[in-house]
Number of protein chains: 2
Amino acid sequence: MTRPVTSAERALTALRELIMGGELAAGARLGEVELADRLGVSRTPVREALSRLAAEGLVQVVPNRGARVATWTVAELEGVFDLRAVLEPRLTALAVPNARPADVDELDALARRMCEVGSPGPGQDLDALVPLNRAFHDRLVALAGHPALAAALAAAIHPPIVRRNFLTYDEESLRRSLAHHGEIVAALRAGDPDWARAVMTSHIANARAVMVRAARLQTTATATPEEETA
Amino acid sequence: MTRPVTSAERALTALRELIMGGELAAGARLGEVELADRLGVSRTPVREALSRLAAEGLVQVVPNRGARVATWTVAELEGVFDLRAVLEPRLTALAVPNARPADVDELDALARRMCEVGSPGPGQDLDALVPLNRAFHDRLVALAGHPALAAALAAAIHPPIVRRNFLTYDEESLRRSLAHHGEIVAALRAGDPDWARAVMTSHIANARAVMVRAARLQTTATATPEEETA
DNA sequence: CACCCCTACCTTGCATGCAATCGAACGGGG
DNA sequence: CCCCGTTCGATTGCATGCAAGGTAGGGGTG
């Protein structure tokens with residue numbers, strides 16, 4: 001997570017944010033000059049960013065025909081959650097013996113903060129939840145100390161990632177999800193890998209149910225393919 | 001597997017081959033101009049290829065300081081095999097219901113061919129084994145019909161992939177490995193996912209033992225860090 | 001003699017220009 | 001009226017030029 005200093009990296013992160021944030025709709029055309037203007041750089045770093053995003057699976061590039069924001073089907077989304085259901089519990093269990101008290105405290109803080117901004121009431125801010133959630137899971141991934149597993153997870157998740165994640169959670173599922181984070185912290189503190197693994201399994205299953213339902217709604221809602229550039 | 005038509009794609013595949021084939025040693029410096037000359041293109045497609053290879057994990061890029069062929073430790077290699085031990089058996093089991101007789105025949109042909117060129121004797125050709133093995137596993141991945149799992153696997157494996165894979169197999173392990181391919185074909189024909197999964201689990205465990213041993217030998221042999229460009 | 005600084009070269013990073021390719025609109029023929 | 005060939009426009013793909021940053025080597029000083 002180094003500060004992007006080169007133009008290419010800025011373009012990369014900016015584009016990622018644009019796509020993940022939903023500002024560039026799925027299937028939207030990504031013209032090089034247009035993006036270059038928008039980001040204030042030349043086409044070269046934009047091309048590099050598009051290339052890397054294509055490798056990540058966030059955009060699809062057809063030679064001589066430009067790039068588009070990647071789309072995914074409900075089946076693909078379900079596949080991703082199948083995979084998360086296998087990998088993330090393992091990863092969580094691996095994190096348990098590596099978690100030092102300071103690490104657990106950090107995760108605890110994140111979990112509590114998520115409960116604050118995620119609970120219904122005046123302080124609710126669902127947009128703030130997304131980065132907190134990423135921070136929580138990233139921290140957990142780092143604790144597992146398993147680069148290959150992390151790479152596999154990143155490769156599988158990046159594409160259909162939780163685009164505008166928590167906006168699709170119903171209240172009950174969201175409460176469950178937030179509770180899971182707290183329970184994972186508890187399992188870490190207890191040093192119980194099996195417990196942590198089980199909670200994460202529930203966590204993914206819960207998320208899966210939410211996302212699949214949302215995807216179904218979305219695809220039926222936008223049955224007519226839309227064509228927009230921004 | 002489309003024929004690379006653009007220079008960037010040719011550079012990408014060429015570089016991959018160069019690295020995977022061992023012509024570019026791990027840690028070797030990858031100068032843009034040098035590679036451009038070597039591949040007969042300009043620096044632009046080379047840069048793009050390096051970028052994408054960095055995303056794949058085959059090379060490491062430090063801003064303003066160029067790219068090097070990625071190196072990996074024994075621990076990382078073990079991590080990769082941990083992951084394969086989880087993912088590939090699942091994937092194999094998924095392939096079972098999707099495998100049509102024609103597909104099984106194709107895999108059967110590959111397995112038999114591998115036995116031919118892999119068995120000790122006058123016809124032995126270990127170099128020919130590598131592409132056959134890749135074809136076999138790729139075919140299996142395709143049959144599973146699980147893009148996310150395939151992406152995760154590719155992300156995890158690509159880096160420390162089977163570089164000059166079978167050269168490190170001792171005779172007994174190689175025989176086991178070849179037998180596994182045949183047995184997987186049998187499990188597919190029988191339509192038994194559990195059988196297929198079990199064989200693949202053994203297959204990965206066997207490969208793991210071989211690769212880890214080879215990596216240990218190699219790292220102790222080249223204890224002094226070498227610095228070479230080609 | 002060791003350490004530090006300064007300079008010069010090399011490499012990367014980015015912008016821009018030109019050629020090739022693709023898509024679409026237009027006109028002609030069936 | 002519909003279909004096909006052709007031309008024009010737009011966009012990508014690649015090469016090259018220039019500037020910024022980094023590294024290595026040499027000279028000077030403590």
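Computed from a predicted model, the values in this text were never measured in an experiment. Letters A, B, ... are given to chains in the order of the sequence lines, protein chains preceding strands, and every chain is numbered from 1.
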Protein proximity profile, nucleotides 7-20 of chain C - base contact B, sugar-phosphate-only contact S, no contact -, cut-off 4.0 Å on heavy atoms: ----SBBSBBB---

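- The salt bridge (charged side-chain N to carboxylate O under 4.0 Å, His left out) check on A:Asp105 picks up A:Arg189, with sequence neighbours excluded.
- In this structure, the salt bridge (charged side-chain N to carboxylate O under 4.0 Å, His left out) partners of A:Glu32, at least two apart in sequence or on a different chain, are A:Arg43, A:Arg47.
- Screening residues 87-99 of chain B for salt bridge (charged side-chain N to carboxylate O under 4.0 Å, His left out), with sequence neighbours left out, gives B:Arg84-B:Glu88.
- Classification of A:Glu34 and A:Arg29 as a salt-bridged pair fails, no side-chain N sitting under 4.0 Å from a carboxylate O.
- Residue pairs meeting the salt bridge (charged side-chain N to carboxylate O under 4.0 Å, His left out) criterion with at least one member in residues 91-103 of chain B, sequence neighbours excluded: B:Asp103-B:Arg139.
- Relative to the axis of its first five pairs, the axis of the last five pairs of the helix from C:dC1-D:dG30 to C:dG30-D:dC1 sits at 20°, rounded to 10 degrees.
- Remark: A:Glu17 engages no residue in a salt bridge (charged side-chain N to carboxylate O under 4.0 Å, His left out) (not counting sequence neighbours).
- Rounded to whole angstrom, the span from the CZ atom of A:Arg68 across to the P atom of C:dC22 amounts to 17 Å.
- Applying the side chain to side chain contact (heavy atoms under 4.5 Å, CB included) criterion to B:Ala150, with sequence neighbours excluded, gives B:Val141.
- By the salt bridge (charged side-chain N to carboxylate O under 4.0 Å, His left out) test, B:Arg208 pairs with B:Glu78, B:Asp82, sequence neighbours left out.
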